[in-house]
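Right, one structure below, let's go through it.
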Amino acid sequence: MGKYQVVVVGTDGSDTSFRAVDRAAAIAAEEGAKLIVASAFLDEDGDRGGTDPDQLRTVEYRTQGNAPVYDMLRAAADRAKEAGASDVEERAVAGAPVDALVQLAEDVDADLLVVGNVGANSIVGKVIGSVSKAVERKAKTEVLVVETDS
């Protein structure tokens with residue numbers, strides 16, 4: 001067994017986030033690890049102040065099999081399998097991206113949490129902070145930030 005047994009990767013369905021999925025899948029394939037492809041969404045009762053207007057919302061995203069979050073997760077999982085990962089699980093997680101990904105990594109006892117760096121070099125990312133920087137600060141597991149914005 002390799003260094004990593006459980007790898008979690010966050011995706012929002014964007015092309016850049018799929019680059020992080022590709023990297024996580026390659027690691028999972030090389031290590032023989034389980035890969036959990038995850039996406040966060042805001043619950044209906046969640047605080048919407050200051051969030052990304054494109055953030056997935058409402059409980060329907062968890063309960064309807066044809067909801068956009070599940071379509072996106074299926075696409076990411078298929079992509080991961082094409083990249084060589086054999087044990088791939090999809091997870092839609094309620095909450096803000098940083099908290100949801102960090103909590104999921106803890107819940108599944110992940111050895112590695114993979115995120116993309118989009119926004120880290122933007123003005124907002126430099127002033128307020130990006131998801132990747134916040135994940136690095138909060139996660140209790142190893143974090144890999146994949147260069148996805150090039």
Side-chain angles (χ1 to χ4, degrees), residues 4-28 33-83 85 87-149:
Y4 303 118
Q5 295 180 24
V6 179
V7 176
V8 172
V9 61
T11 182
D12 62 7
S14 66
D15 289 339
T16 56
S17 74
F18 280 167
R19 292 182 199 149
V21 171
D22 293 343
R23 182 69 181 112
I27 292 168
K34 177 179 193 165
L35 177 64
I36 300 175
V37 179
S39 185
F41 68 95
L42 291 180
D43 215 350
E44 223 171 34
D45 298 326
D47 176 17
R48 296 182 185 188
T51 61
D52 181 348
D54 294 328
Q55 177 67 41
L56 301 176
R57 301 177 193 278
T58 76
V59 72
E60 286 78 24
Y61 284 104
R62 287 182 290 178
T63 60
Q64 297 177 4
N66 63 350
V69 71
Y70 287 108
D71 290 341
M72 181 269 301
L73 284 171
R74 273 192 293 276
D78 289 345
R79 187 173 177 131
K81 290 173 187 172
E82 288 173 14
D87 186 1
V88 181
E89 183 179 317
E90 304 161 27
R91 293 269 187 109
V93 185
V98 172
D99 295 332
L101 290 174
V102 169
Q103 187 61 54
L104 175 62
E106 287 180 29
D107 291 348
V108 300
D109 198 23
D111 304 295
L112 180 66
L113 176 54
V114 180
V115 293
N117 73 328
V118 170
N121 295 321
S122 69
I123 292 173
V124 173
K126 289 178 180 174
V127 174
I128 298 173
S130 67
V131 168
S132 60
K133 288 178 184 175
V135 165
E136 284 182 306
R137 282 191 308 271
K138 290 185 173 189
K140 295 177 183 170
T141 190
E142 183 178 346
V143 175
L144 171 63
V145 179
V146 178
E147 297 291 327
T148 59
D149 57 0

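Side chains included, hydrogens not; waters and symmetry mates left out as well; all remaining heavy atoms used.
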How close do Val21 and Ala76 get, heavy atom to heavy atom, and via which atoms?
CG1-O, 3.6 Å

Where do Phe41 and Val93 land on the side-chain contact (heavy atoms from CB on, under 4.5 Å) test, with the steps shown first?
CA-CA 6 Å; Phe41 68 95; Val93 185; 5.7 Å; no

Can you tell me how far the CG atom of Leu101 sits from the OG1 atom of Thr11, to the nearest 0.5 Å?
10.0 Å

Rounded at 0.5 Å granularity, tell me how far CZ in Arg79 sits from CZ in Arg19.
8.5 Å

Do the side chains of Asp71 and Arg74 get close enough for a salt bridge, i.e. N-O under 4.0 angstrom?
yes

Please list, chain by chain and in numerical order, all residues satisfying side chain to side chain donor-acceptor pair (under 3.5 Å) with Asp99, sequence neighbours excluded.
Lys138

Verdict with supporting geometry, Val8 and Leu112, side-chain contact (heavy atoms from CB on, under 4.5 Å):
CA-CA 6 Å; Val8 172; Leu112 180 66; over 6 Å; no

Side chain to side chain donor-acceptor pair (under 3.5 Å) pairs, two or more places apart, involving residues 104-114
Gln103-Asp107

Heavy-atom closest pair, residues Thr141 and Ala110:
OG1-O, 2.9 Å

What's the shortest heavy-atom distance between Leu113 and Val135, and which atoms?
CD2-CG1, 3.4 Å

No-hydrogen, no-angle side-chain donor-acceptor test under 3.5 Å, Asn117 and Ser132:
no

Of all the heavy-atom pairs spanning Gly95 and Ala40, show the shortest one and how long it is.
O-CB, 3.4 Å

So does Asp12 get a backbone contact from the side chain of Ser39, meaning a donor-acceptor N/O pair under 3.5 Å?
no

Roughly how far, to the nearest 0.5 Å, is the CG atom of Asp87 from the NZ atom of Lys81?
9.5 Å

Taking every heavy atom of Tyr4 against every heavy atom of Ala33, the minimum-distance pair comes out as O-CB, 3.2 Å

May I have the step-by-step check of side-chain contact (heavy atoms from CB on, under 4.5 Å) for Arg91 and Leu73, ending in yes or no?
CA-CA 7 Å; Arg91 293 269 187 109; Leu73 284 171; 5.7 Å; no

Exercise: identify the closest heavy-atom pair between Gly13 and Met72
CA-CG, 3.1 Å

Run the side-chain contact (heavy atoms from CB on, under 4.5 Å) test against Ala24 and tell me which residues pass, sequence neighbours left out.
Val7, Val9, Leu35, Val114

CG on Asp22 to CD1 on Ile27, rounded to 0.5 Å:
11.0 Å

